[in-house]
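Report on the following structure.
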Amino acid sequence: MTNTTAAPTGGYRDMNRLMSLMTGDEKHGPAATSTLDVLWVLYDRVLRVAPGTVDAPGRDRFLLSKGHGPMAYYAVLAAHGFFAEELLSGFGAYDSPLGHHPDRTLVPGVEIGSGSLGHGLPLAVGSVLGLRARGLTDPRVWVLIGDAELDEGSNHEAIAYAGPAGLEQLHTVVIDNVSASYGRPGGIAARFEAAGWSVGSVDGRDHEALYAAFTAPHPGRPRAVVARVDPKY
């Protein structure tokens with residue numbers, strides 16, 4: 001797909017309609033809907049990236065590590081004009097750019113191909129280091145991961161490195177819908193705090209709480225936001 005843009009389709013109230021257009025076989029419905037509010041707040045109020053700046057060096061980078069069940073992601077991108085909403089009805093089809101895992105070579109605005117769990121946070125750490133090496137200290141890197149991804153050792157290595165390294169440009173959102181196989185003493189937030197991160201925990205459906213957590217200052221430290229989402233919805 002070429003990086004053509006489309007007119008924005010509407011506000012948050014249009015999300016149900018946009019998601020309903022994607023009728024292809026979907027095996028991860030809860031994974032999709034659990035991310036919707038976080039994605040909306042990020043793209044609508046926080047991320048400094050737009051359809052016309054998807055290749056700009058100074059843009060914010062958003063990495064969807066929780067790449068299985070990307071329907072909410074596609075709906076939010078369409079709503080903000082990254083591609084035409086007409087593409088949504090082809091979701092999951094053989095000839096559609098909108099696959100069951102996002103493909104950065106096919107979908108405008110997508111930064112990484114994802115779906116295999118445990119890769120997004122390490123890639124985000126590398127992205128921050130790459131930006132620093134280029135002298136780009138203003139762009140922020142955001143990564144959305146699921147609580148079950150924290151079962152992957154690659155994420156713990158990234159967490160342990162990013163805090164002491166003071167990667168202030170790095171922001172991680174953890175969707176906590178109680179899908180992890182293993183618990184952690186003190187919960188998810190404690191894991192990040194132990195590694196020197198700035199941490200906030202919020203209701204993952206509360207847009208104002210999410211915005212406040214996403215924009216809280218954290219000088220000299222990476223930021224983690226644990227967004228709690230009821231697994232039944």
Side-chain angles (χ1 to χ4, degrees), residues 1-19 21-22 32 35-67 70-91 96-99 101-114 120 123-124 126-128 130-132 134-145 167-173 175 204 207-208 210-218 222-223 225 227:
M1 181 188 292
T2 58
N3 282 344
T4 56
T5 61
T9 63
Y12 177 77
R13 288 180 292 182
D14 203 32
M15 287 297 96
N16 285 338
R17 181 186 68 83
L18 292 176
M19 291 186 70
L21 297 176
M22 289 175 274
T35 65
L36 177 58
D37 296 276
V38 164
L39 288 166
W40 179 264
V41 173
L42 283 173
Y43 274 92
D44 200 56
R45 302 173 64 180
V46 178
L47 291 173
R48 298 174 297 189
V49 64
T53 62
V54 293
D55 295 318
R59 73 189 184 281
D60 285 349
R61 277 76 168 165
F62 173 77
L63 282 58
L64 182 69
S65 186
K66 189 178 171 69
M71 293 191 300
Y73 186 39
Y74 293 151
V76 170
L77 289 175
H80 287 85
F82 286 84
F83 56 81
E85 72 168 72
E86 286 75 18
L87 290 174
L88 296 175
S89 61
F91 167 68
S96 172
L98 306 183
H101 293 172
D103 187 329
R104 71 177 185 85
T105 67
L106 297 178
V107 186
V110 172
E111 295 281 357
I112 61 170
S114 61
L123 286 170
S127 296
V128 171
L131 289 168
R132 281 187 171 187
R134 296 167 61 191
L136 297 171
T137 58
D138 189 49
R140 301 165 302 184
V141 177
W142 291 79
V143 58
L144 189 155
I145 69 175
L167 300 188
E168 184 177 341
Q169 291 168 265
L170 177 62
H171 304 74
T172 299
V173 185
I175 300 294
H207 289 198
E208 293 306 318
L210 286 167
Y211 178 74
F214 293 161
T215 56
H218 51 96
R223 175 71 169 166
V225 175

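The first residue in the sequence is number 1, and the count goes up from there. Side-chain atoms are counted along with the backbone in the values below, which use heavy atoms only and exclude waters and symmetry mates.
- Put simply, the side chain of Val38 reaches to within 4.5 Å of the side chain of Ile175, judged on heavy atoms.
- Remark: Asp60 CG to Arg140 CZ distance equals 4.0 Å, nearest 0.5 Å.
- Residues Gly67 and Pro102 come closest through the heavy atom pair O-CD, 3.2 Å.
- The line from CG of Asp138 to CD of Gln169 is 8.0 Å long, rounded to the nearest 0.5 Å.
- Looking only at distances, no side-chain donor or acceptor of Glu85 sits under 3.5 Å from a matching main-chain atom of Leu18.
- Contacts of Ser65 classified as side chain to side chain contact (heavy atoms under 4.5 Å, CB included), with partners at least two apart in sequence or in another chain: Val143, Ile145, Glu149.
- Interatomic distance, Met22 CE to Leu98 CG, rounded to the nearest 0.5 Å: 8.0 Å.
- The main-chain N or O of Gly113 is never found under 3.5 Å from a side-chain atom of Asp103 such that the two would form a donor-acceptor pair.
- Glu111 is not listed as a side-chain neighbour of Arg104, based on a closest heavy-atom distance of 4.5 Å or more.
- The aromatic rings of His80 and Trp40 sit tilted, their planes meeting at an angle between 30° and 60°.
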Practice task
Decide side-chain contact (heavy atoms from CB on, under 4.5 Å) for Val49 and Arg61; before the verdict, give the C-alpha distance in whole Å, the side-chain angles of both, and the deciding distance to 0.1 Å.
Solution key: CA-CA 8 Å; Val49 64; Arg61 277 76 168 165; over 6 Å; no
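- Ring planes of Tyr73 and Phe62: tilted class, angle from 30 to 60°.
- In terms of modelled atom types and a separation under 3.5 Å, the side chain of Tyr74 and the main chain of Gly99 share a donor-acceptor contact.
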Practice task
Would you check, one step at a time, whether the test side-chain contact (heavy atoms from CB on, under 4.5 Å) holds for Leu77 with Val107?
Solution key: CA-CA 9 Å; Leu77 289 175; Val107 186; 4.3 Å; yes
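- With rounding to the nearest 0.5 angstrom, the CE atom of Met19 is 12.0 Å from the CG atom of Asp14.
- Side-chain contact check for Pro51 versus Phe83: every heavy-atom pair is 4.5 Å or farther apart.
- In this structure, the side chains of Lys66 and Thr35 come closer than 4.5 Å at one or more pairs of heavy atoms.
- Here the CG-OG1 distance, from Leu167 to Thr172, works out to 10.0 Å after rounding to the nearest 0.5 Å.
- Among all heavy-atom pairs drawn from His218 and Leu170, the shortest one is CE1-O, 4.4 Å.
- Using a cutoff of 4.0 Å between basic side-chain nitrogens and carboxylate oxygens, Arg132 and Glu168 are not scored as salt-bridged.
- Among all heavy-atom pairs drawn from Val173 and Ala227, the shortest one is CG1-CB, 4.4 Å.
- When atom types are taken as modelled, the side chain of Arg59 and the backbone of Val54 share a donor-acceptor pair closer than 3.5 angstrom.
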Exercise for the section: Would you sort out whether Arg45 and Phe214 count as a side-chain contact (heavy atoms from CB on, under 4.5 Å), showing the intermediate values? Expected result: CA-CA 10 Å; Arg45 302 173 64 180; Phe214 293 161; over 6 Å; no
Problem - Derivation of the side-chain contact (heavy atoms from CB on, under 4.5 Å) call for Phe82 and Val110 - result: CA-CA 10 Å; Phe82 286 84; Val110 172; over 6 Å; no
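- Rounded to the nearest 0.5 angstrom, Met15 CE and Leu39 CG are separated by 10.0 Å.
- The shortest side-chain heavy-atom distance between Arg48 and Thr53 does not fall under the 4.5 Å cut-off.
- The residue from Pro70, Pro97, Ser96 that alone fulfils the side-chain contact (heavy atoms from CB on, under 4.5 Å) condition with Phe91 is Pro70.
- Heavy-atom minimum distance, Ala78 versus Leu88: CB-CD1, 4.1 Å.
- Here the closest non-hydrogen pair linking Ser127 and Leu63 is OG-CD2, 4.2 Å.
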